[in-house]
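The chain is numbered in sequence order, starting from 1. Note: hydrogens, waters and symmetry copies are ignored here, and every other heavy atom, side chains too, is used. Computed from a predicted model, the values in this text were never measured in an experiment.
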Amino acid sequence: KIVFQFTNGQDTMQQKAFIKQLQNLTEHWPQANYEVVVYNQGLELVMPEKSKFIPEVIILHKKGVRFVVCENTMKNRKIEKTAFIPEVEYVKAGIAEIVEKQEQGWSYIKGGF
């Protein structure tokens, strides 16, 4: 069980590096549980208007990777749910989601470089 934090999706090089990390891990451990929590500037990863990697995100989602968007960030940045791909899920507080997963024994990784 691995939970990822992704907070720098405005940088397409960060998006590319992170997608590659996820692809490598899902190939290595196909049966693992993966959750990507995006908040702050990470929301761009799952926004069709801002991401160059939506096809890769959808493939990863089909492999079982959950992409979770922080509603606090959405509120602060005035972004509506319609800005995201339909495959995402939502949580009230992204950081709290990561903490809860760690308390449940999930490994934590900061995505990107």
Worksheet item: Ignoring hydrogens and geometry, is there a side-chain-to-backbone donor-acceptor pair from S51 to M47 under 3.5 Å?
Response: no

Please set out all donor-acceptor pairs under 3.5 angstrom arising from side-chain atoms of residues 94-112, sequence neighbours excluded.
residue: K101; atom: NZ; partner: E35; partner atom: OE1; Å: 3.4
residue: Y108; atom: OH; partner: Q5; partner atom: OE1; Å: 2.2

Worksheet item: Any donor and acceptor pair, going by atom type alone, linking the side chain of Q14 with main-chain N or O of F113 inside 3.5 Å?
Response: yes

Worksheet item: For the atom pair NE2 (H61) and CD (E56), what is the distance rounded to the nearest 0.5 Å?
Response: 15.5 Å

Fill in: K63 atom NZ: more than 12 heavy-atom contacts under 6.0 Å
yes

Item to complete: Return the set of residues passing ring-ring contact (aromatic ring centres under 6.0 Å, His included) with F4 (not counting sequence neighbours), or none when no residue passes.
Response: F18

Fill in: Closest non-hydrogen atom pair between V57 and L45, with its separation
CG2-O, 4.1 Å

Worksheet item: Quick one: NZ on K92 to CE on M74, what's the gap to the nearest 0.5 Å?
Response: 11.0 Å

Discussion item. Between R77 and E44 (salt bridge meaning N to carboxylate O under 4.0 Å), is one present in this structure?
Written reply: yes

Fill in: Derivation and outcome, side-chain contact (heavy atoms from CB on, under 4.5 Å), residues N33 and I2
CA-CA 6 Å; N33 293 321; I2 304 170; over 6 Å; no

Discussion item. Test side-chain contact (heavy atoms from CB on, under 4.5 Å) on V68 and V36; report intermediate values, then the result.
Written reply: CA-CA 6 Å; V68 179; V36 176; over 6 Å; no

Worksheet item: Has the side chain of Y34 got a donor or acceptor atom that lies under 3.5 Å from a matching backbone atom of F67?
Response: no

Worksheet item: If only atom types and distance count, is the side chain of N40 paired as donor or acceptor with the main-chain N or O of G42 below 3.5 Å?
Response: no

Worksheet entry | N/O donor-acceptor pair under 3.5 Å between T73 side chain and Y39 backbone | no

Practice prompt. Find out whether K62 and I58 are in side-chain contact, i.e. whether some heavy atom of one side chain is under 4.5 Å from a heavy atom of the other.
Written response: yes

Worksheet item: Are I85 and P48 side-chain neighbours, meaning at least one heavy-atom pair lies under 4.5 Å?
Response: yes

Fill in: For V38 against L43, the heavy-atom pair lying closest together
O-CD1, 3.7 Å

Worksheet item: What do the steps show when you test L60 against Q23 for side-chain contact (heavy atoms from CB on, under 4.5 Å), and what is the final call?
Response: CA-CA 7 Å; L60 287 162; Q23 290 170 334; 4.3 Å; yes

Item to complete: Report yes or no: is the cationic atom of K81 (NZ for Lys, CZ for Arg) under 6.0 Å from the centre of the six-membered ring of Y90, at an angle within 45° of the ring normal?
Response: yes

Worksheet item: If every non-hydrogen atom of F84 is compared with every non-hydrogen atom of V88, which pair is closest and at what distance?
Response: CB-CG2, 3.9 Å

Worksheet, complete the sentence: Separation between CD (Q21) and CG (N24), nearest 0.5 Å, reads 8.0 Å

Item to complete: Check F53 against Q15 and note the closest heavy-atom contact, atom names and distance.
Response: CD1-OE1, 3.3 Å

Worksheet item: Nearest 0.5 Å, what's the CG-CD distance between N8 and Q41?
Response: 7.5 Å

Fill in: Same apolar cluster: F6 and I54, side chain cutoff 4.5 Å
yes

Discussion item. Quick check: is V69 connected to I19 through a chain of hydrophobic side chains (ILVMFWY, heavy atoms under 4.5 Å apart)?
Written reply: yes

